[in-house]
Amino acid sequence: MSPRRRYHVRWPGLVFAGLALLIGAASAQRTENMLVWVFASMLAWIVVSGIISGGMMMALRVRRRTPRVARAGESFEIRYEVASASRLWPIFDVTLSEVADLVQSPTRLEHCPRGGHAQVRSTLTPPRRGILRLQRFRCISGFPFGLILKSVEWNDPVDVLVHPRQHVVDPQMLRTLVGAAPGTHAALQRTGGQEDFIGLREYRSGDSVRHVAWRRSAARMEPVVIERAVPARKALVVTLDLSRTEGVATERAEEDAIEWTASVLSRAHADGWSVQLVIDGFAADQTEPSVLTGLATQLDALAVIDLIGPRQAPQRGTMELAAGTALRIVPGRFP
Amino acid sequence: MNDVIVCRRHALWLSMVSLVAFALSQRSLALGLAAIAVAGTSWLATSRCTRRMLHPTVVLVLVSVIAFVVISQVWPRLDPVRIPRWIGLGVFFGMLVRLWARRTMSDERQVVLLSGVLLVAAGLHSIDLAVGLLIIIGTALAVDCVIRFRLLTSDALSRTPHVPRARALRGKTQADRDLRQVILAALVLSLLTSVAIFVILPRNPNPGGPLFGSGRGTRLGFPTDLSLRSPQWIEPGERELLSVDWRGPDGKPPAVAETLRLRGQILDRYDPVEFRWFARIGPSQRFIINNGVDRSPLALSTIDERINVHTLQVNLRGLYTDIIFTPWVPISIRGLNAQVFSYSPGTCSLKLMDIETAGVVRGYEVRVQPFPSESALTALQGNPQRLPPRPTFPVEAVRATALQWMEEGGLRNLTTDGDSDERWARNIRIGRAFEERLRSTRFNYSLDLRGFIQREGRDPIDLFLNEYRFGHCEYFASALCALCQSVGVDARIVTGFIVHDYDASDRRYSVREADAHAWVEIRSGNVQWTVLDPTPVADDTSLASERGVWGQVLRFLLGPLEDAWRERIQRFDSLAQEEFVRAFNEWITRTYRQARAWPSAVAASLAERTGVPQAGVVWIAAVSVGAALSMSVVILLWRRLQRRRHLLGITRTGRMRAQIALRDGAFYADALALLAQFGCIRPVWQSPRAFATTMQSARPAAAEAFHAIIDRYYMIRFAGRRPDAARRAQDAALVERLRAALAAGTAHSR
């Protein structure tokens with residue numbers, strides 16, 4: 001990935017160059033050597049500016065680090081890890097930005113020592129869900145005199161999966177939605193809260209120290225942990241119907257439906273529900289739509305829905321694991 | 001320490017330097033001191049309290065007034081000489097106003113910009129040492145200010161509320177140290193580049209041509225006339241203009257230094273309208289072409305040079321003029337380079353003919369006879385066939401004064417009739433009488449003529465004689481010459497130098513600005529002229545004491561500086577460039593030859609000192625080279641060891657422990673270097689495990705391999721488990737596994 005280096009001439013540099021030429025012409029006409037010295041100094045400034053900024057920018061090494069996922073309408077952080085490969089020139093006053101039409105906060109690196117590292121953060125706000133591809137990012141600086149700007153661009157394509165925008169879903173509202181949907185039943189309630197002993201197993205990285213069975217570990221001369229049963233959670237199946245057989249068939253309505261689906265999923269997972277997601281009415285080559293579990297997977301799936309794709313009649317309809325465990329979201333009909 | 005205060009303080013220093021530079025260029029030290037006082041007061045009063053700053057409306061009014069004054073002075077006469085001066089003055093006072101109203105970054109930038117304009121304006125008006133040094137210092141300060149303001153402005157512009165500000169540059173942090181070093185590097189590079197460009201820029205061999213500053217106008221000239229509309233205060237300058245090497249008839253320097261009187265311009269006509277003495281164009285001039293090697297005689301016939309002939313070599317230093325300065329009377333001349341001279345027999349004066357095209361004249365050598373015979377003078381001046389007419393003077397009031405003085409001196413009965421001898425005798429008697437009267441206590445010598453107010457309708461010589469009775473040598477000489485001419489005495493004014501300063505160690509006279517003088521010559525024969533000096537303190541060293549002690553003390557300090565400034569900067573022109581190139585080529589050639597001869601010389605020296613034959617010298621050289629190589633290897637290994645210590649963070653451990661960790665943990669350092677090679681540089685603030693975790697998504701295989709390396713390293717470093725040979729081999733294999741994983745694929749960093 002070889003960077004692209006460019007020069008940008010701005011009006012201060014043009015004015016300075018014009019003044020230098022003017023003083024040069026004046027010193028050529030008059031006989032004062034001091035005026036020649038002033039002209040020489042101005043030319044020297046231009047030369048030195050090029051040397052220092054060139055040395056600084058040539059030594060600039062930048063890595064961009066982005067999160068895997070983001071959320072539409074919310075800022076996510078981009079980190080630029082800057083390193084100076086020069087033992088001679090430190091780096092000052094570098095502005096970093098993405099070469100893209102995005103809403104990004106200005107990022108400026110004040111200083112990076114010679115041979116050292118620095119990190120700057122910037123925030124980017126994706127406007128909509130989907131795959132946000134970041135291609136090129138640029139570092140630009142006018143240090144030391146601001147006469148000429150030098151920029152270095154790196155081409156480092158990276159994809160950020162932007163999850164749908166989420167709205168606030170009240171827990172009561174969720175229960176109401178689940179209860180109000182046709183064919184739904186009250187969520188399965190389980191009583192009791194004791195955790196059942198299952199057995200002992202070997203220690204794995206990440207296990208809490210509190211779960212270590214010390215006496216057994218001492219006896220076996222290796223760490224073992226107690227494995228207990230976790231209480232079963234309430235189950236819910238959320239079906240997003242994008243078949244356009246009913247409801248409003250506009251893209252805006254479908255986007256709203258996707259956002260509400262994401263909101264409901266997040267709320268349900270936060271409340272301890274065991275949630276499954278079915279995206280119905282899509283993909284002509286798919287005989288049965290997948291049942292998705294896990295919030296991250298579900299949000300990823302919602303993020304990559306392409307509304308331009310062909311539709312088909314719903315295959316699964318409303319799935320119920322048990323009475324009162326299904327929620328069907330239809331665009332334009334979701335309250 | 002706040003960044004903004006540091007920047008503002010540096011801008012203040014820059015403004016002070018520029019203000020003083022401009023004030024000195026206008027020859028007004030008082031103005032410069034006042035400006036410093038105003039600037040310093042503005043800082044003390046307003047740096048921490050903006051309420052004491054001038055209101056923007058007041059600033060606007062003051063600036064408008066200054067602009068109006070400048071435009072009103074410039075507009076009526078668009079004189080290219082006045083315009084830069086008045087613009088400079090406008091910027092000067094505008095800067096003082098702005099220093100009292102610096103609220104925003106824009107105001108600070110204005111201060112820096114105005115300082116730059118003032119420095120340029122100062123350079124346009126003056127090339128003195130002090131101004132030049134201030135311009136150089138100001139340029140350096142400007143570099144510092146521009147860099148600091150650039151950082152401050154960018155930071156202010158980039159800051160938004162929701163983005164945390166980067167670490168500030170304050171105090172003695174690494175960033176502060178780096179910034180100072182960058183500024184220093186920029187200053188040094190700027191200075192060196194400026195010098196290089198200044199030296200390389202082509203100069204026009206013809207002064208005043210289209211190429212860059214020949215330096216001619218920067219050197220002091222010598223007036224070709226004498227104007228009595230003189231400055232009110234003459235500051236006797238200590239700048240050296242000429243140096244004179246005097247050799248007596250025996251070719252040796254004088255044993256006892258005598259006062260040296262150098263004749264320059266001869267003036268014998270007075271303009272009563274302009275109050276100016278000027279030279280009458282002589283009836284005949286001879287052109288003398290000199291090849292710079294042989295002496296060219298001035299006389300038409302041969303003069304016996306065996307009798308009392310002295311030789312002077314005059315070197316021009318800070319003077320640029322076509323007038324040749326010689327004592328009375330020159331009999332031959334040789335230029336230090338080929339030149340053409342014009343010789344005026346009537347006044348025995350010489351001038352340079354081709355100064356306009358031949359560039360710089362370095363000096364000349366003249367042979368003089370202080371007491372020439374009549375035949376020599378006749379050969380030099382020609383034999384006048386008839387007596388010259390008696391001169392007259394156009395100002396009647398002066399004649400009245402002269403007649404009155406003659407009456408009082410009992411000289412009224414001296415008539416103008418008679419033969420030539422009587423005429424010459426009369427000239428001498430009247431001239432000496434007038435000289436004596438002028439040198440009496442009735443007249444005072446002074447350089448301060450602020451009280452000498454010229455009156456409409458009154459001639460300055462009349463005012464000097466009858467009203468003020470004080471003045472400097474020009475007034476005394478003018479008065480004597482005017483008095484003499486008004487009563488028919490053949491008199492003329494001579495302007496030149498009277499020199500007392502003889503350096504016994506260098507055996508030369510130093511002619512300085514303050515040595516400029518004017519006196520009178522009275523015709524005392526057909527071809528003889530007698531010197532009369534009516535200035536009261538002209539012919540002894542008390543004139544030198546009039547300059548003041550401090551000037552002479554500083555002269556020894558400033559003299560070499562001024563010489564260097566004058567020779568290297570002011571007078572740097574096309575000839576100086578040629579000399580520089582020639583000297584540089586000679587230096588290069590000489591250095592190359594010395595470098596080539598050096599090994600042989602060293603070998604011969606070694607052979608001589610040690611008694612070792614040439615072959616032994618070769619053996620010594622081989623051993624030396626081997627020792628140097630060994631030392632290099634040791635240094636490289638030591639540096640590698642230090643880098644590894646820094647990389648592994650081993651700073652304060654026991655010696656043995658450090659060695660164990662370094663040797664046994666070398667595989668970990670190799671792993672870090674390998675990761676850096678593939679672009680994965682571990683930040684110093686991040687732990688190894690955290691760094692490995694961050695690599696997981698982008699390079700899972702490499703992260704896994706690095707995890708294993710970390711585990712092994714921790715066991716060695718902190719658990720004290722020293723590896724055996726087999727274990728070290730396994731550790732090395734882990735590094736190779738990491739290398740393979742890195743080389744295998746590249747995933748985008750996440």
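All values below come from the heavy atoms of this structure, side chains included, with hydrogens, waters and symmetry mates left out. Reminder, nothing fancy here: chain letters follow the sequence lines and each chain counts from 1.
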Under the criterion side chain to side chain contact (heavy atoms under 4.5 Å, CB included), I'd like the reasoning laid out for A:V38 against B:L119: C-alpha separation, chi angles, the key distance, then a yes or no. CA-CA 9 Å; A:V38 172; B:L119 289 174; over 6 Å; no
So, taking the atom named CG in A:L43 and the one named CD1 in B:I197, what distance separates them when rounded to the nearest 0.5 Å? 4.5 Å
Closest approach of A:S41 and B:S194, non-hydrogen atoms and distance? CA-OG, 3.3 Å
Based on non-hydrogen pairs under 4.5 Å, which of A:R79, A:R114, A:M56, A:M42 is most in contact with chain B? A:R114
Heavy-atom neighbours of A:R4 CZ exceed 12 at 6.0 Å: yes
With a 4.5 Å limit on heavy-atom distance, are the side chains of B:V182 and A:P90 in contact? yes
Could you work out, with ring-ring contact (aromatic ring centres under 6.0 Å, His included) as the rule, every residue matching A:F143, not counting sequence neighbours? A:F92
Results of salt bridge (charged side-chain N to carboxylate O under 4.0 Å, His left out) for A:E81 - residues two or more places apart only: A:R63, A:R65
Start with the C-alpha distance between A:W89 and B:D178, add both sets of side-chain angles, then the distance that settles side chain to side chain contact (heavy atoms under 4.5 Å, CB included), and finish with yes or no. CA-CA 9 Å; A:W89 299 111; B:D178 284 349; over 6 Å; no
So which part of B:A196 gets closer than 4.5 Å to some heavy atom of chain A, the side chain, the backbone, both or neither? neither
I'd like to verify something: which residue of A:G142, A:S49, A:S75 has the highest number of heavy-atom pairs under 4.5 Å with chain B? A:G142
For residues 12-22 of chain A, please give each side-chain donor-acceptor pair under 3.5 Å, one per line with the distance, not counting sequence neighbours.
none

For the CZ atom on A:R87, are there more than 12 heavy atoms of other groups (residues, nucleotides or ligands in this structure) within a distance under 6.0 Å? no
Pairwise distance CD1(B:I183) to CD1(A:I52) - rounded to 0.5 angstrom: 9.5 Å
State whether the number of non-hydrogen atoms from other residues, nucleotides or ligands found under 6.0 Å of B:Q181 atom CD is greater than 12. yes
Got a second to check how far B:S190's OG is from A:F145's CZ, nearest 0.5 Å? 5.0 Å
When rounded to the nearest 0.5 Å, the distance separating OG of A:S141 from CZ of B:R150 is 6.5 Å
Write out, in numerical order, the residues from residues 133-141 of chain B with a heavy atom short of 4.5 Å from a heavy atom in chain A. B:I135, B:I136, B:T139
